[in-house]
Amino acid sequence: MKLLHCMKRPEYLESAIRDGLMFTDHLVEFSPTNDRNLLSRLVSEIKPIIERRLMALGRSLATLTLIEERCVFAGIGSIKGQIPMLCFTEVPNGRILDTHRTSFGEYGLVISQRWVEDNGGDKVIYVGNGSAISCQLFKLLAKVRLADLFVGPSGNLLFDNSGTRDSLDFFSHIEVRANIEQSEWRIPGLHGFMGGPKSTNQRLPLRLDAIETILVPASDIGSFSSLVNQLAEDQGQIAPRVEGFGDTLTP
């Protein structure tokens with residue numbers, strides 16, 4: 001199994017080799033299902049949890065104003081936003097890459113799994129379509145969200161978002177189930193959703209010893225081989241091999 005990161009232009013690949021991989025924004029969204037009947041059932045299952053939380057705060061669903069009710073249910077069990085990340089595709093031996101190459105670019109880096117994991121990367125979890133893990137995540141996210149609920153100085157219901165902030169890091173590693181065939185891995189950056197820095201367009205340094213193979217069109221093999229050999233000499237490392245981007249990866 002190898003991890004592949006693709007780019008569409010040669011200058012992007014050259015910048016990655018020289019300066020590191022760039023974090024780019026990727027839409028992350030979670031909803032357990034698009035089936036309204038199933039969603040209604042899931043909401044019904046968490047209503048007792050909501051009632052218990054409100055009772056602990058001296059309130060109940062029946063006494064909430066419309067604005068307070070919207071506040072309580074907003075964001076429970078779903079999430080959506082742009083998160084900066086580095087994306088890799090898990091490629092088992094023999095996988096045909098012609099469609100992948102067309103979709104994501106004909107310039108690629110095969111990166112060591114150890115480097116990806118050492119930099120906070122992990123395999124994506126595919127959610128949605130009413131799958132078992134999606135329904136479990138819905139309930140978990142609802143409980144985390146409700147734990148942030150408190151009564152403000154004016155007696156109104158508010159959220160402090162501390163638990164939600166922590167859960168956002170986890171959701172950097174989810175993807176809609178329709179894309180399950182991509183077998184994606186990710187290194188998430190700082191999302192800055194609730195303040196703080198955001199990693200968009202920043203680069204993660206990448207040494208040559210983390211690169212297993214550099215993939216380019218046949219016409220670019222010579223120029224990239226010269227670049228890599230010079231960088232290897234400057235870094236005192238062994239140059240990774242540069243080869244044509246074929247339909248499968250070389251073992």
So which heavy atom on [X] is nearest to which on [Y], and how close?
X: L27; Y: Q82; answer: N-OE1, 3.3 Å
X: L206; Y: A16; answer: CD2-O, 4.2 Å
X: F138; Y: P32; answer: CD1-CG, 3.4 Å
X: T89; Y: Q182; answer: CG2-O, 3.3 Å
X: R203; Y: S15; answer: NH2-CB, 3.4 Å
X: I214; Y: P240; answer: CD1-CG, 4.0 Å

Is a side-chain N or O of [X] found less than 3.5 angstrom from the main chain of [Y], in a donor-acceptor match?
X: R177; Y: Y126; value: yes
X: Q237; Y: D209; value: yes
X: D35; Y: L38; value: yes
X: R53; Y: L146; value: yes

Which residues satisfy the salt bridge (Lys or Arg N to Asp or Glu O under 4.0 Å) test with [X], sequence neighbours excluded?
X: R114; value: D118
X: E212; value: K2
X: K123; value: E90
X: E68; value: R59

Taking the hydrophobic residues Ile, Leu, Val, Met, Phe, Trp and Tyr, and joining any pair whose side-chain heavy atoms are under 4.5 Å apart, which ones share a cluster with [X]?
X: L158; value: F150
X: L215; value: L4, V91, L97, V110, F245, L249
X: L66; value: none

Using 0.5 Å steps for rounding, measure from the [atom1] atom of [X] to the [atom2] atom of [Y].
X: I125; Y: I174; atom1: CD1; atom2: CD1; result: 8.5 Å
X: S225; Y: Q230; atom1: OG; atom2: CD; result: 13.0 Å
X: W185; Y: H173; atom1: CH2; atom2: NE2; result: 9.0 Å
X: L42; Y: Q136; atom1: CG; atom2: CD; result: 11.0 Å
X: S60; Y: I50; atom1: OG; atom2: CD1; result: 12.0 Å
X: R145; Y: I46; atom1: CZ; atom2: CD1; result: 12.0 Å

[X] versus [Y]: any side-chain heavy-atom pair under 4.5 Å?
X: N201; Y: F23; answer: no
X: L157; Y: V151; answer: yes
X: Y107; Y: E14; answer: no
X: L21; Y: L109; answer: yes
X: L3; Y: M1; answer: yes
X: F170; Y: L137; answer: yes
X: I111; Y: I211; answer: yes
X: V242; Y: L227; answer: no

Evaluation steps, side-chain contact (heavy atoms from CB on, under 4.5 Å), between F171 and V127
CA-CA 10 Å; F171 281 96; V127 296; over 6 Å; no
Before you tell me yes or no, could you show the steps for I83 and R186 under side-chain contact (heavy atoms from CB on, under 4.5 Å), namely the whole-Å CA-CA distance, both residues' side-chain angles and the distance that decides it to 0.1 Å?
CA-CA 11 Å; I83 295 180; R186 291 176 183 168; over 6 Å; no
Do [X] and [Y] belong together in a cluster built from hydrophobic side chains that touch within less than 4.5 Å?
X: V216; Y: L231; value: yes
X: L64; Y: L149; value: yes
X: I133; Y: I180; value: no
X: L13; Y: W115; value: yes
X: F159; Y: M55; value: no

According to the interplanar angle, ranging from 0 to 90°, do the rings of H5 and F88 count as parallel (below 30°), tilted (30 to 60°) or perpendicular (above 60°)?
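Answer is tilted, since the angle falls between 30° and 60°.
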If you count the non-hydrogen atoms of other residues, nucleotides and ligands that lie under 6.0 Å from [atom1] in [X], is the total more than 12?
X: K143; atom1: NZ; result: no
X: Y12; atom1: OH; result: no
X: I238; atom1: CD1; result: no

Tell me, with the steps shown, if H100 and R95 meet side-chain hydrogen bond (donor to acceptor under 3.5 Å, both in side chains).
CA-CA 10 Å; H100 185 88; R95 177 178 175 180; 4.5 Å; no
side-chain hydrogen bond (donor to acceptor under 3.5 Å, both in side chains) partners of [X], counting only residues at least two apart:
X: S131; result: S134
X: E51; result: none
X: D122; result: none
X: R207; result: none

According to the salt bridge (Lys or Arg N to Asp or Glu O under 4.0 Å) rule, which pairs have a member within residues 220-241, sequence neighbours left out?
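For residues 220-241, and leaving out neighbouring residues, the salt bridge (Lys or Arg N to Asp or Glu O under 4.0 Å) pairs sorted by first residue read R241-E243.
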Hey, mind stepping through I17 and L208 against side-chain contact (heavy atoms from CB on, under 4.5 Å) and telling me if it holds?
CA-CA 8 Å; I17 296 170; L208 290 180; 4.1 Å; yes
